[in-house]
Amino acid sequence: MALRDKLDDLYGKATEMVQTGVDKATEMMQSGVTIAKLKTDNIAEEDAMRRAYLAIGKMYFELHGEHPDPAFAVECDRICACKRRIAENNLRLAEMKNSAAPEPPMPPHANGPQPPHIVGDAQPLDAEQPPQPPEPDIVPEEKEEIAIDELDN
């Protein structure tokens with residue numbers, strides 16, 4: 001019976017060790033999940049701060065952009081210069097759009113029936129026959145030769 005008691009004792013210790021390992025793994029996993037959640041929360045908070053900084057900067061520029069505090073003068077001048085360049089580019093785009101506006105195409109039957117268009121060697125289309133697709137060029141099939149030595153490998 002002493003052997004059976006020793007085996008039961010060993011079984012109990014092994015069970016405890018396995019349970020301890022499972023508990024530690026679970027704890028580490030939960031810790032990892034908590035760490036990931038905290039890092040994600042920090043990223044979201046940093047994004048919210050960035051948006052708040054942008055809003056403050058826009059409000060300051062709207063209120064004081066014409067006569068900024070000397071500490072903000074360089075950045076306000078940079079914003080004004082960007083706005084001027086954008087306005088100039090938009091003006092140039094509008095000029096290009098107005099000068100390059102093509103005439104709208106005439107509908108096919110606006111001035112009576114149109115003659116068939118002939119391009120290259122093509123023949124005029126017959127109204128009763130549908131157009132035939134061009135025949136594909138026939139390319140000779142290339143065969144790859146395999147040496148007998150290569151088949152043994």
Gap between atom [atom2] of [Y] and atom [atom1] of [X] - 0.5 Å precision:
{"X": "L93", "Y": "I86", "atom1": "CG", "atom2": "CD1", "result": "11.5 Å"}
{"X": "D5", "Y": "L10", "atom1": "CG", "atom2": "CG", "result": "11.5 Å"}
{"X": "D69", "Y": "F72", "atom1": "CG", "atom2": "CZ", "result": "6.0 Å"}
{"X": "L38", "Y": "I43", "atom1": "CG", "atom2": "CD1", "result": "11.5 Å"}
{"X": "N89", "Y": "M96", "atom1": "CG", "atom2": "CE", "result": "10.5 Å"}
{"X": "I35", "Y": "M28", "atom1": "CD1", "atom2": "CE", "result": "9.5 Å"}

R92 with E95: basic N within carboxylate O range, under 4.0 Å |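 No, no charged N to carboxylate O under 4.0 Å.
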
Closest approach of C80 to F61 (non-hydrogen atoms, all atoms of both residues) |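 In this case the closest contact between C80 and F61 is SG-CZ, 3.7 Å.
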
Where is the tightest heavy-atom contact between P68 and A73, given as atom of each residue plus distance?
->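 It is CG-CA, 3.8 Å.
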
Expected output: side-chain T26 to main-chain V22 donor-acceptor under 3.5 Å =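 Yes, because the side chain of T26 sits within donor-acceptor range (under 3.5 Å) of the backbone of V22.
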
State whether a side-chain donor-acceptor pair under 3.5 Å links D23 with Q19.
->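 Q19 and D23 do have a side-chain donor-acceptor pair below 3.5 Å.
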
Please walk me through it: do K6 and D9 pass salt bridge (Lys or Arg N to Asp or Glu O under 4.0 Å)?
-> CA-CA 5 Å; K6 286 184 180 182; D9 188 42; over 6 Å; no

Let me know which of T40, D41, T34 forms a side-chain hydrogen bond (donor to acceptor under 3.5 Å, both in side chains) with K37.
->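 Looking at T40, D41, T34, the match for K37 under the side-chain hydrogen bond (donor to acceptor under 3.5 Å, both in side chains) is D41.
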
Could you go step by step and tell me if D47 and R50 meet the side-chain contact (heavy atoms from CB on, under 4.5 Å) rule?
-> CA-CA 5 Å; D47 187 51; R50 182 187 57 80; 2.7 Å; yes

